[in-house]
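So the structure is just underneath, and the comments pick up after that.
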Amino acid sequence: MIYVVIAFLWAAIWLYLLLGGADYGAGIIELFTSKSNKERTRITLYRAIGPVWEANHMWLIIAIVILFVGFPEIYSTMSVNMHIPLTVMLLGIIARGTAFTFRHYDAVVDDMQHVYNRIFAYSSFITPLFLGIIAGSAVSGRIDPEATDFLSAYIYSWLDWFSVSVGLFTVTICGFLAAIYLIGETDSKEEKRMFVSKALKLNIAAVVCGALVFLAATYEQIPLLDWVFGNIYGTLAIIAATLSLILLWYMLYKGESKGIRILAGFQVTMILFTTTYRHFPNIVILKNGGYLSLLEHRGHDKSIETLGWALLIGSIFILPALFYLIYSFQKRKANVHG
Amino acid sequence: MDDFMAARSQMALSLGFHIIFACIGMVMPFFMAVSHFYWLRTKDEIYKNLTKAWSKGVAILFATGAVSGTVLSFELGLLWPEFMKHAGPIFGMPFSLEGTAFFIEAIALGFFLYGWDRFNPWFHWFTGVIVGVSGLASGILVVAANAWMNSPAGFDYVNGEYINIDPVAAMFNDAWFSQALHMCIAAFVATGFAVAGLHALMILKGKNIRFHNKAFKIAAIFATVAAVLQPLSGDISAKDVAQRQPAKLAAMEAHFHTEEAAPLILGGIVDEEKKEVKYAIKLPGMLSFLAHGDFKTPVTGLDQIPEDEQPPIAVTHYAFQIMVGLGMIMLLISIIYFVALWKKPEWLTSRWLLKLFVAATPMGYIAVEAGWTVTEVGRQPWIIHGVMRTADAVTPMPGIIYSFYMYTAIYVSLSIIVIFMLYRQIKMVDKLYDNQP
């Protein structure tokens, strides 16, 4: 049953990265859209993510519940040493969710819209940045549960070049996913062209940030190269991701707008796979060289057992409904929402 | 304020903020379902518009509730890591089920809010009902987890180790039913009175009277039925607390000395040093009756509880008095409303009845907040009753006070924006939802 629970944890993180990531990315794109195009981008964006955004963010809650029920020691260690970035991320979640809803449900459209827009766009950037920082810190080997002074326990546990690069990389990936997703959500040629150019820029940015991650890892003496290329599966995954990227641009050039989503999703999946595969079952590397392991630091058997059943039964209800929701609100079936 | 008090304050603030939105999320879908049902049945446009108007408000409040709930799932660990490390695997069952319920709620809400004219009308109506049912289920599950902290079950605590864990037994602890029942009814009372009060105010102002009358009636009926049921569930809760947490009951009643035929104390000022309540009305034997069902049985006083295991008395007592007092006022209004419905239809159009409802607008939510203060402060100094102290669970990180200030600033500004937006929604009813004079 422990493997069922771990599979769900991985799937929740994966889906959050894909769906939640595209959701954040939409805000990132809005942030980097020129003033003249902003209004139209907003409308497309709302039509695309309005009905599904709350469901997209449920994956984070599922992941966190799995962590505290199944792996309480990992959850509590991260909660203590990652207190500050987690808090910033939470503020981002509050700001973003409320601003997004407020701007579309405010009965009067006036200057408040600017406030909502600005909060929405900035928090869409900050939240995945800190999510990435937290993910990077988990493997950077800076978390020191024995530290007694404030700086090394609560600041340097996450503030280093590597974690920040991972944060930036996450932001660019989210933006890229969103651009690819939005290409298929609009009918206007001009808008399509805009999203294609955004996708290209974000793709380049992602490659640059990815390189930055490797540089920072070298600088911080984190053996990232070995983790990724030191085993055949990691290497294969990276090759597959690169090939699919080439295919993606070829398809985009041909004017395909739906199939590219699968390819973009595939790439992100490969990246997540590579970064988690090598460490499994360890998900947190501590400063003293120790690990927090999904197998060794799991909760009681009985808890894992019931958690596994709860997840299995829950997914019978959730998955069909979720697919139907996403399917129903695909662009082609949608009338413009009034 | 030290870090420990800051952590407790931040938790109280976050829960107190979230609970209002949680109640609305649990209850409003049912109001909408009724109005929606009338629209589908009668094809009277006003019901369609009412459902839409309410759903706009709910979308705002639901989003606020969803994000503040997400924050809470992290705050449990950020503020109380030692507690979550041990409690997570034991009382996690309701949380994992709640994850499912909340997920379904979010999916159903997507269908409901964006599904107008897009699906079979009854399927669309049904998704609205699902929002309510799963919201209610979420509420029950979260309260069951809280009940476990009051009434720990499903494990053995031996030499500082938590063994023989049984998550199902932990979920169905002794307190889950009475607490969940009391909370669900409270959500209907609070939301019902708040909504009814707002619409009553608009009727009094003479705006869109037909529209607001329909809205008022739906909300008022839910509210008053719930307000009549609530004292019964309160009685179940009181008897349960008397048995499981005598210290909490004693603090609620400011009952300092164990005695037979214990009196019920109404009002008064608590003097914790002299261990007495000044200027109070005392009803002899009533506390014994309420706690144990007869007028003689002794009720455990605070004198039988070691000092370091006593909750703050004054806060618990005052909060309890506020909750019960407001509950009684709402019960009275409900009875008047029923009399009006059955015997005195002329009252229904009278201004004084509407004014009563306007006055009661915030009462339900104040009572909910007071009730949670009783539950949470009354459990102190324990985070897991009799097993783990709150002070031992708090995060080692210093400077929580700043985190508390920041959350306070955020929640205060969010509250202001939400109130401002609801005000605008109501102001726009004229233009958006009801064009008839």
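Reckoned from all heavy atoms, side chains included, excluding hydrogens, waters and symmetry mates. Proteins come first, then strands; the chains are lettered A, B, ... in the order of their sequence lines, and each starts at number 1. Predicted model, so just to flag it, every value in this text is computed and none were measured.
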Can you see which heavy atom on [X] is nearest to which on [Y], and at what distance?
{"X": "Y162(B)", "Y": "H300(A)", "answer": "O-CE1, 3.3 Å"}
{"X": "G97(A)", "Y": "A63(B)", "answer": "O-CB, 4.4 Å"}
{"X": "M84(B)", "Y": "P72(A)", "answer": "O-CB, 3.8 Å"}
{"X": "P396(B)", "Y": "V80(A)", "answer": "CG-CG1, 3.8 Å"}
{"X": "P398(B)", "Y": "F150(A)", "answer": "CG-CD1, 3.4 Å"}
{"X": "S303(A)", "Y": "I165(B)", "answer": "OG-CG2, 3.7 Å"}

Practice item. From the options V65(A), I62(A), I313(A), select the one residue that forms a side chain to side chain contact (heavy atoms under 4.5 Å, CB included) with S96(B). Key: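 Only one of V65(A), I62(A), I313(A) forms a side chain to side chain contact (heavy atoms under 4.5 Å, CB included) with S96(B), namely V65(A).
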
Side-chain heavy-atom pair [X], [Y] within 4.5 angstrom cut-off:
{"X": "H57(A)", "Y": "T70(B)", "answer": "no"}
{"X": "F102(A)", "Y": "V418(B)", "answer": "yes"}
{"X": "H104(A)", "Y": "K56(B)", "answer": "no"}
{"X": "M89(A)", "Y": "F74(B)", "answer": "yes"}
{"X": "V71(B)", "Y": "I94(A)", "answer": "yes"}
{"X": "M406(B)", "Y": "L91(A)", "answer": "yes"}
{"X": "I107(B)", "Y": "F317(A)", "answer": "no"}
{"X": "M82(A)", "Y": "L78(B)", "answer": "no"}

Heavy-atom proximity to chain A below 4.5 Å, by part of [X]:
{"X": "I426(B)", "value": "neither"}
{"X": "F119(B)", "value": "side chain"}
{"X": "L422(B)", "value": "neither"}
{"X": "L76(B)", "value": "both"}
{"X": "F155(B)", "value": "neither"}
{"X": "I400(B)", "value": "side chain"}

**Study point:** Largest heavy-atom contact set with chain B, pairs under 4.5 Å, which of I84(A), T101(A), L90(A)
**Key:**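 Looking at each option in turn, the highest pair count goes to L90(A).
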
Check your understanding: Hey, what's the ring geometry for F95(B) with F68(A), parallel, tilted or perpendicular (30° and 60° as the breaks)?
Key ->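 Correct class here is perpendicular.
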
Review point. Relative to each other, are the rings of F123(B) and Y324(A) parallel, tilted or perpendicular (30° and 60° limits)?
Key: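 Aromatic pair F123(B)/Y324(A) classed perpendicular.
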
Mark yes or no for whether [X], through its side chain, and [Y], through its backbone, hold a donor-acceptor pair below 3.5 Å.
{"X": "E73(A)", "Y": "H86(B)", "answer": "no"}
{"X": "Y105(A)", "Y": "G57(B)", "answer": "no"}
{"X": "Y154(A)", "Y": "M397(B)", "answer": "yes"}

